[in-house]
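Only this structure's heavy atoms are used, side chains among them; waters, hydrogens and symmetry mates stay out. Chain letters run A, B, ... following the sequence lines, proteins first, then strands; residues in each count from 1. In this text, all values refer to a predicted model and were calculated from it rather than measured experimentally.
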Amino acid sequence: MTTASLLPALMQLALLLAIAPLTGGVMRIAKARFQTRRGPGILQPYRDLHKLLKKGMVIPDTASWLFGAAPYVVFLSSLLAGLMIPMVAADAPLSFFGGVLAVVYLLGLGRFFLALGGLDSGSSFGGLGSSREMTIAALAEPAMMLAVFTVAIGAGSTNLSTVAHAALGQSWRFFAPSQMLAFAALLIVLIAETGRIPVDNPATHLELTMIHEAMILEYSGPYLALIEWGASIKQLVLMTLLVNTFFPFGLSPAWAAGGLPASLVWYVLKLLLLSGVIVLIETTNAKMRLFRVPELLAVAFVLGALALVSTFLF
Amino acid sequence: MILPALFLVPFAAGVLSYLARRRQQMEAINLGAFALTFVLAVGLAAQVVRDGAVEALGGFLYADAVSALVAGLTALVGLVTAVYAVGYLRDDERNGVLGGAPQGPSPHAKLRNCYALTPLLVASILLVALANNLGVMWVAIEATTLASVFLVGFYGRATSLEAAWKYAIIGGVGLSMALFGTVVTYYSARALPGADTLAGLNWSVLAARAGELDKAGMRLAFILILLGYGTKAGIAPMHTWKPDAYSEAPVPAAAILSSAMLNCALYGLIRYYALAHRSLGDGFVPQLLILFGLLSMGLSVPFVLVQRNFRRLLAYHTIDHAGIMVTALGIGGALGTLGLMLHMTYHTIAKSLLFLCAGNVYQHYRTDVFHDIKEGVIRSMPLTGAIFLMATLAIVGMPPFSLFQSEFLIVNAAFAGGHYLAGVLFVLFGAGVFAGAILHVGKLVLGPVGPEVPAPRRPWRDSALLAMGALLVAIAFWLPGPLLALIRSAAQVVAGE
Amino acid sequence: MTLSPDPQFGDKLINLMAALVLVLQIAMAGHRWLVTNIRIFGVQPFLLASIAATIGWFNHAPHLYFAAILTLALKGIVVPRLLEQVVQRVGIRQEIEPLVNQPLSAIVSGGLTLLGYVVAESFHRPDAGGAPESLGHNTLAVAVSLFLIGFFMMINRRKAVTQVLALLSLENGLFLAAISLTYGMPLVVELGVFFDVLVAVMVLGVLVHRIREAFDSMDVSKLDQLRG
Amino acid sequence: MTSIQLLYTALTAYACGAAASLLVARSNRLARFASFGFPLLGALLGIAASLTALVEGTAESAAVASGVPLLEYSVRLDSLSAFFNLALSVLAGAISTYSFGYVAGLPSKSAAILGFFYNVLLLSLTLVFTASNVFFFLIVWEVMAGAAYCLVSFDHGKQETRQAGILFLIMSHAGTALLLLGFLTLASSTGSLSFSAYHHAGGKLPELQRGAVLLLFFFGFGVKAGIIPVHIWLPAAHPVAPSNISALMSGIVIKTGVYGIVRVFFYFFDIVPVWAGTLVLAAGVTSALLGVLYALMEHDLKRLLAYHSIENMGIILIGVGSGLLFRAFERPNLAAVAIVAALYHTLNHAVFKGLLFLGAGSVLHAVHTRNMEQMGGLIRRMPFTAFGFLVGAVAISGLPPLNGFVSEWLTYQALLAGFGATGSLTRIMFPVTGALLALTSALAAACFVKAFGITFLALPRSAEAAEAREAPLSMRFGMGVLAAGCLALGLGATWFLPLFDTVTEQALGVRVSSGLVTADGWSLNAGGAVSTAGIAVALTLLAPIPALLTLLWKRGGDRRTGPVWDCGLPGLTAANQFTATAFSKPLRMVFSAVYRPRREIQADFEVSPYYPRAIRFESEIEPTFEKGLYNPLRSAILAIADRFRAIQAGSVHAYLAYIFVTLILLLVFGARA
């Protein structure tokens, strides 16, 4: 780690922290508009975080130190994963710390601790949420890996910077069948991982349908804030991964002052577009029964496998 | 003068015991005689290792390395079981097991029978090993049967008599075949000079000129001998008397039958193998031996797997090992015969030890059915239990115990000699027997603490057990140089190199 | 010594007597009455002893006379007496009740005789039949047949006594082989064999006695407690 | 001292331990010191020996003749042997320390017996990894099995234990029989029993024999490695053994199978056919996936861990199998990476599985049950054990920055490289394997959330769990060493990996592992970079951010404890908590094709079924392999064997007839030339 790479790291860090809640806000308001509601306003996530951080918290009397550690791990692992992916420049600040595999596993680390946190309270909701969360994550994993592999094989490396550079080198690459299929697979995984409809409903607190929300039911105050923030960073990380690997238009190759503003604009545009797609899916689908989710993920797996096969067919 | 003394000492002991009036006298005679026999046998072995084959009584007795090995093993088993028998028979007497039927022999007469017949049995086994003349050898082998029939029928129960009858009848038929074989061998040797003298049937003479034997005669003779002495050795399908006899005989006698007498029957077979193989060459003789050896091994597998009675289990084990040794003989060559001789040595020690353990268990629980013993034997009899398990592992060829070494050599010889199928079957059957034995003995030895009281001290039996157990462990790691030399030269005698 | 030792004649004589022994054996196998069986068995040793004596005469092998006398005394006189006594005393039924019926037994015996000849074929030297040193060699087929038929009888007999009888008749085949093939084993061996046979008969006799006491029956097919 | 001399001293220490533990069996204290002090010393010496051999890349050998021709006791310490010995010694050291406390409560005689077999096991394990001829290898191989049998059966009062021990021994022996046949085929073609004569000799066999030998060795070693479908002994035997022994069994005894497979497939064969590599790969994937799926359904803590051993053996075999394929496609460098991945995972698994079993042992020691449904809340009563177990759980789930992540990462990289490096039909196997590996490791994470969460978190589910006491110091120390090992092997991966240079050089003629480390020493680089140390540092550096955030805003907020939301019922009790069975329910339904679950609900009610008095719920999954393969096999064998009893039906006539018929047959067919 040299000072030369420290600056980009700090910049990306700031960007992550700043726009992650915003993505959520955008999606929330977009969803409201699709449903012809007014919506809470684009800055609502910031207000929520502010409120939560400010409040006191109630720790379940059954919980151990792990309950408190989990939010930190979730937050930190998402944040670190965010530093390993190319956001506005193809050279991710910490890409030499790990490529896409490390990103996936770091997110896994956060989930692992969050699930433990869910169990720690002893509440049956926590256990229920942990169980479902881990199940869905496990089932999403192979599809995600296949899609990731397709990308990595195309680039010859799992390093995301290398992947992004390779993507930049080949325009219109997206129209290769393998890329389209991989994108579709990864999109399904993204929906599953971030707990969106049709897999999970982030807005529900209905006992039987909760997944993520059940797991964190006992969290409150700053801990909840960290978890929410961490979750939004994770969502941003996955979305970024999607847009920058498959649609690298406008991505600045390096952290050079010249290319960055344009790159940032492109980045935001792409994010907005992707958010739109996700919201469209959310509004046009109903939440699935839990035991239908594996079928969806199986579709993703098949898509991923097809993507892989087509890399050497086409 | 060792040679005649070696079998005359136990013979005399047998006669004296029959004349003795008190139990203590019989015990003392037996112990003394067997100790002396053992010393003589060791002396003989030392002499053979040093000087090669020795003769006595004008060539009537002859001992090469094979004889010395078999005699030594017999004497060892004799001594250990004699020590064990003291405790065993006292226990039987105390518990009134010898009472028997009202019109049958009295307990004292039974004891006398046992103490007289056991040395006679050992004496005839030793004579088998020492006789030069194949005819005399047959006479001695027949004598072992006659001496042991009443040992099998010792307890006088209906089942004992059944076992004794089967033993006598099957043994009788078998030995008739062997005698027929002996006659045909003599016929095959008619062209040799001096064929019409006593020496005409001397092994040392025949072996030296085996090439001149009548081939058709030797072929027929070998078939008859294989079936005949095979019956005595308990090779399938002539094995059927074995489980009955071993499970009904008093344990010390069973120990001798299953180890020393098996050796003696194999000894007969080995002698004839050497003649027939040298006369007929490869092909018929080895193939026949391998066929019967594998048949014995294979046939013992199912019986071991579903066995309910541990003494019968041991009997099937003996059948298995007889098969192993016969296979080894058939595979032949320097390696096969070396494996055979080593296996004979190791098997003798392990099998007699197993019978002694089984005897302890049987006397403590008064049953030899696995199912009836609900607790772990090791709980009430730690020493017996531990040694039982150890010896079982040893007998099924589990390293580090030495039977693995010999079996390894044998399979290796099979592969090296191109008997691939035989080698594969050997290993397969070995695994089957392993499974069965461990299944049963593992469950017998280990288990919960039961209601049975811990066994009292049994100085005679336990010291025999300990001595043999220590020997089993010791030979696993180290075979004394002279013994190894003896075994190697025995293998050379058989392989003819 | 008035008779000139013509080996041809001796050969014929021996063959005739051997054939008679075989006929007797088949008769035993096919006969229904126990006492008759014992009597037939008692006749065999006379023929065997004669064969031994003939061979001894032609070959000037005096120890064969000894063997002949022993056989005669032991198997011809002592054993049949003993057996008849046992039968009398035990009072077992006279009928034999074989496992295979009489006609079939006779047929099997015939087949076994055939087998005996097949086995002996490789030893058969018709041209050498006349020489004194190979006198009687051709009776090997008879010996093998006697052995096999005796063996078959052992399987075919239910009662302990009859099994002993069969075993002994089986050994007659051995004896025939021994004297005709090899002109007797060395004397020590011969003695040992006879001694063993004697002891075996005694041992078996005692066992028969005890079995009868323990089971109240002589039927050995009832001895089937020990299985598996 | 040279490596082989060090090895001798280590062996001597184990031998002394075995002898001494029996000699001082009268006193528990002395027995413990003899039984576990000597092996501790031996382990340290073993580490020294292995490191010396690994670093120097030498292969020293020594031999003792037995006097019997062909039978020789010979050892050779090459890098592969040294590597496995290193794993063994590390684990043995930690377990020996742990055992001081663990056996303290045993009667002195039992402790001595345990110690005796423990030392024998260590001795034989060391020799298994170093024996260099067939005879000696088989001896120590079986001694190992025998000692392990005695240790597994240690608690032989229980039926379950006895049966498990017997199952283990029988299966193990069956495997040995296969090995024996394989070795003898090699021996008959080379005319030697020495391993050195087999170097690349397998490839020269005729095709049919080569195939047979490969299969024999694969299944022979596979039994010991616990790969599916020859695994059934493993979940039976590992849980019933004393926990320190379970740690040793799962940590290293099953690795002897890996050692054997690597030794044979890479040293005795220059190139194995593609099908053999595919077989190993397929067996690896199957074992990994089914292993973790079965683990998920367990609520016996130790059996759960045992199933995870199967899973991890699968992961190791994935590495081995892809190494074989790369070698078949003449890509030695890639093969070396795959092997390094497999071997590194071997070492890592030894460390974290050892840790987990020791943790489970401490729990058992405290609550006297293996059933997780009766644990809970132990994190407060046993904080150290809980922390150790957590470290192990994170490591085994392959999460960064611990050691499991590194080896799984290497495995992924090998698999990815395989796509571009091999033939067109085989190449698709690699990414699919990778995807299934991802599924496996995600399921493993789920499983360990369950294992840790149910065992250690929330409220105690039984009185014994509520009264649990933390393990004594020596046990904690043993766990601590292994937890530190997980951390060190994870963060210090770049530092450890160059040790593999001499291994791959001797096996494949290439040195790759130093090349995997980047010049600055921070990252691994193989088709992508990763730096566990970097991740750890970055996580630490980022840690102030959330802390700062909470501090900045939290001025007015307070922090208090309160009751858990219990839906308005009167207070949360242990009975309300989520159970292990419930936790795995979604997966049970998703994978019902694998599990074939059977459930039974019985409700007792008085008035209306809506108001039941008691509900009894029973659910079990089908033990597929036992039910579909082993039970029918066993019954068939026993039924056939039972048929054979008719031969020995007691009829003397029949017995005579057998002989008669044999005689007739021989006379008819054999008497004439």
* To do: First locate atom CZ of D/F452, then atom CG of A/L116, and finally report the distance between them rounded to the nearest 0.5 Å.
  => 6.5 Å
* Nearest-0.5 Å distance, CD1 of residue D/I428 to CG of residue A/L308 -> 4.5 Å
* Asked: What closest approach, in Å, do A/A138 and D/A442 show between heavy atoms, and which atom pair accounts for it?
  -> CA-CB, 3.4 Å
* **Contacting moiety of A/L13, where chain D heavy atoms sit under 4.5 Å** => side chain
* Asked: Would you find more than 12 non-hydrogen atoms of other residues, nucleotides or ligands less than 6.0 Å from A/R292 atom CZ?
  -> no
* Contacting region of A/F67 [heavy-atom separation from chain D under 4.5 Å] -> neither
* Starting from the C-alpha separation in whole Å, work towards a yes-or-no answer on side-chain contact (heavy atoms from CB on, under 4.5 Å) for D/R560 and A/I59. => CA-CA 6 Å; D/R560 58 192 168 83; A/I59 311 275; over 6 Å; no
* To do: Go through the atoms of D/F583 and report whether side chain, backbone, both or neither lie under 4.5 Å from a heavy atom of chain A.
  => both
* At a heavy-atom separation under 4.5 Å, does A/L83 approach chain D through its side chain, its backbone, both, or neither? -> side chain
* Of the backbone (N, CA, C, O) and the side chain (C-beta and beyond), which part of A/S123 lies under 4.5 Å from a heavy atom of chain D, both, or neither? -> both
* To do: Answer with side chain, backbone, both or neither: which region of A/F75 has an atom nearer than 4.5 Å to a non-hydrogen atom of chain D?
  => side chain
* Could you walk me through whether A/L101 and D/Q413 pass the side-chain contact (heavy atoms from CB on, under 4.5 Å) check? -> CA-CA 9 Å; A/L101 294 171; D/Q413 293 299 351; 3.7 Å; yes
* Structure fact -> If one checks every heavy atom of D/A393 against chain A at 4.5 Å, the contacting part turns out to be both
* Do the rings of D/W522 and A/F97 sit parallel, tilted or perpendicular, given the 30° and 60° boundaries? -> parallel
* **Residues which pass salt bridge (charged side-chain N to carboxylate O under 4.0 Å, His left out) with A/E193, listed by chain and number, not counting sequence neighbours** => A/R111, A/K234
* Heavy-atom contact with chain D under 4.5 Å, split by part of A/L226 -> side chain
* To do: Considering non-hydrogen atoms only, spot the tightest contact between D/M589 and A/F291 and give its length.
  => SD-CZ, 3.4 Å
* So what's closer than 4.5 Å to chain D heavy atoms on A/M84: side chain, backbone, both or neither? -> side chain
* To do: Sort out for me which of A/H50, A/M144, A/E295, A/E133 touches chain D most, counting heavy-atom pairs under 4.5 Å.
  => A/H50
* More than 12 foreign heavy atoms under 6.0 Å from CZ of D/F387: is that the case here? -> no
* Yes or no on side-chain contact (heavy atoms from CB on, under 4.5 Å) for A/L66 and D/F456, after CA distance, side-chain angles and deciding distance? -> CA-CA 10 Å; A/L66 211 89; D/F456 289 100; over 6 Å; no
* **Max heavy-atom pair count under 4.5 Å with chain D, selected residue of A/A225, A/S124, A/A152** => A/S124
* Structure fact -> The interface call for D/T518 against chain A, heavy-atom contacts under 4.5 Å, is neither
* **Closest approach of D/A445 to A/F112 (non-hydrogen atoms, all atoms of both residues)** => O-CE1, 3.6 Å
* Best-contacting candidate, D/S397, D/G434, D/G534, D/A538, against chain A by heavy atom pairs under 4.5 angstrom -> D/G534
* Given the options D/V449, D/I535, D/T561, D/L539, which has more heavy-atom pairs under 4.5 Å with chain A than any of the others? -> D/V449
* Hey, what do you get for OG1 (D/T433) to CZ (A/F149), rounding to the nearest 0.5 Å? -> 9.5 Å
* Using a cut-off of under 4.5 Å on heavy-atom pairs, state which of D/L296, D/T579, D/L439, D/T440 scores highest against chain A. => D/L439
* Asked: Going by residue number, which parts of residues 375-385 of chain D are within reach of chain A, meaning a heavy-atom gap below 4.5 Å?
  -> D/I379, D/R380
* Pick from D/P586, D/G562, D/G453 with the largest number of heavy-atom pairs that fall under 4.5 Å of chain A -> D/G562
* To do: Report the distance from atom CG of D/L542 to atom CG of A/L94, rounding to the nearest 0.5 Å.
  => 8.0 Å
* **No-hydrogen, no-angle side-chain donor-acceptor test under 3.5 Å, A/T158 and D/Y412** => no
* Asked: Can you name the side-chain contact (heavy atoms from CB on, under 4.5 Å) partners of A/L290, sequence neighbours left out?
  -> A/R132, A/I136, A/I211
* Could you pull out the closest heavy-atom pair between D/P431 and A/L146, with the gap in Å? => O-CD2, 3.8 Å
* To do: Take D/R559 and A/Y223, measure what side-chain contact (heavy atoms from CB on, under 4.5 Å) needs, and give me the verdict at the end.
  => CA-CA 11 Å; D/R559 177 195 166 102; A/Y223 282 169; 2.9 Å; yes
* Ignoring hydrogens and angles, tell me if any N or O in the side chain of A/N159 forms a donor-acceptor pair with the backbone of D/A529 under 3.5 Å. => yes
* **Option that, when pairs with chain A are counted at under 4.5 Å, heavy atom only, ranks first among D/V564, D/V530, D/I454, D/N525** => D/V564
* To do: Could you tell me which portion of A/A305 (side chain, backbone, both or neither) has an atom closer than 4.5 angstrom to a non-hydrogen atom of chain D?
  => neither
* Asked: Heavy-atom distance under 4.5 Å to chain A: side chain of D/A582, backbone, both or neither?
  -> backbone
* Asked: Under a 4.5 Å heavy-atom cut-off, does chain A meet the side chain of D/A543, its backbone, both or neither?
  -> both
* Asked: If only atom types and distance count, is the side chain of A/E141 paired as donor or acceptor with the main-chain N or O of D/S441 below 3.5 Å?
  -> no
* Not counting sequence neighbours, which residues clear side-chain contact (heavy atoms from CB on, under 4.5 Å) with D/T494? List them please. => D/V517, D/L524
* Structure fact -> One should read off an interatomic distance between A/L119 CG and D/K450 NZ, to the nearest 0.5 angstrom, of 11.0 Å
* Structure fact -> Among A/L139, A/L52, A/T162, the residue with the most heavy-atom pairs under 4.5 Å to chain D is A/L139
* Measuring from D/F578:CZ to A/S121:OG, what's the distance to the nearest 0.5 Å? -> 11.5 Å
* To do: Look at D/S584, D/P563, D/A458 and state which one has the largest set of heavy-atom pairs under 4.5 Å with chain A.
  => D/A458
* Shortest non-hydrogen contact from A/L17 toward D/I545 -> CD1-CG2, 4.2 Å
* Minimum heavy-atom separation for A/Y72 to D/A547, with atom names? -> CE2-N, 3.9 Å
